[in-house]
Amino acid sequence: MAASTVAFNPLGDRLLVRRIEEQEKTKGGIIIPDSAKEKPQIGEVIAVGPGVYNDEGKRTPLDVKAGDFIVFGKWSGTEVKLDGEDFIIMKESDVLGITTDPALIKKAA
C-alpha cells in the first residue's frame, strides 16, 4: 500500500494502523455483506511513536516500524478518522505479531 499523507505523529509507544480489509467473496463466489463481516485484525503500520523511557531515562525504541504488517487483538486500540480515512491508534503491547505477508493469516473458524 502507498504511504499515508496523513500528518499524524503518535507519541510514546503508540502506533497508527490502517486495517487491511478482507475479501468480500468466499472461494465459492458468495458475496459477504458488510453487516456479516467482522473487522479484520490485520493492519499496516503507518506511523510509530519514538518509544518510551526506561528506568535509566533512556528512550527504548519500538520493535514495530512503519510499513510492517501486524496482527492485533479484536478489541485493540481506538478507532479514529483522519483526513477522511479510518485508522486505529494502539499501543505496541496490543500487537500480537508481525507478518511479511498478511494474505497468509486466516482467522480461526
Side-chain angles (χ1 to χ4, degrees):
M1 290 189 144
S4 175
T5 58
V6 175
F8 181 85
N9 295 316
L11 299 176
D13 64 343
R14 289 181 175 75
L15 316 168
L16 181 66
V17 177
R18 177 188 298 127
R19 284 187 197 269
I20 295 177
E21 296 298 325
E22 295 180 12
Q23 284 189 332
E24 298 179 7
K25 265 200 252 186
T26 65
K27 287 182 181 179
I30 299 171
I31 297 175
I32 302 169
D34 286 341
S35 60
K37 288 192 286 187
E38 286 192 34
K39 290 186 178 181
Q41 293 171 251
I42 301 169
E44 179 184 11
V45 178
I46 304 302
V48 298
V52 292
Y53 290 100
N54 62 21
D55 293 338
E56 290 84 39
K58 294 183 181 179
R59 193 178 294 271
T60 304
L62 304 182
D63 292 326
V64 178
K65 62 186 181 310
D68 283 347
F69 294 100
I70 60 169
V71 179
F72 50 89
K74 187 179 283 192
W75 308 111
S76 297
T78 301
E79 294 183 3
V80 296
K81 189 173 284 261
L82 300 171
D83 199 23
E85 191 174 353
D86 293 326
F87 294 95
I88 304 169
I89 299 171
M90 67 177 66
K91 288 189 164 215
E92 185 183 43
S93 60
D94 290 335
V95 176
L96 303 175
I98 301 171
T99 181
T100 56
D101 186 358
L104 296 176
I105 305 293
K106 301 290 182 200
K107 264 194 269 186

- Message: P10 and side chain to side chain contact (heavy atoms under 4.5 Å, CB included): which single residue from L16, V17, V48, I89 fits?
- Response: L16
When the side chains of residues 62-71 are checked against the rest of the protein, which donor-acceptor pairs come out under 3.5 Å, sequence neighbours left out?
from, atom 1, to, atom 2, distance (Å)
K65, NZ, D68, OD1, 3.1
D68, OD2, K65, N, 2.9

- Message: Quick check against the 3.5 Å criterion: does E79 have a side-chain atom that pairs as donor or acceptor with the backbone of I88?
- Response: no
- Item | For Y53, side-chain contact (heavy atoms from CB on, under 4.5 Å) partners two or more places apart | R59
- Message: Quick check: closest heavy atoms across M90 and S76, and the distance to 0.1 Å?
- Response: CE-CB, 4.3 Å
- Just jot down the side chain to side chain donor-acceptor pair (under 3.5 Å) partners of K58, sequence neighbours excluded, or say none. none
- Task: Hey, could you give me the CD/CZ distance between E44 and R19, rounded to the nearest 0.5 Å?
- Result: 14.5 Å
- Message: Is any side-chain heavy atom of I46 closer than 4.5 Å to one of F8?
- Response: no
- Message: Quick check for you: to the nearest 0.5 Å, what is the distance between I42 atom CD1 and I20 atom CD1?
- Response: 6.5 Å
- For N54, does the CG atom sit with more than 12 other heavy atoms under 6.0 Å from it, leaving out its own atoms? yes
- Output the distance between atom CZ (R18) and atom CZ (F87), rounded to the nearest 0.5 Å. 5.0 Å
- Among pairs that include at least one residue of residues 86-98, which meet side-chain hydrogen bond (donor to acceptor under 3.5 Å, both in side chains), considering only residues two or more places apart or in two chains? K81-D86
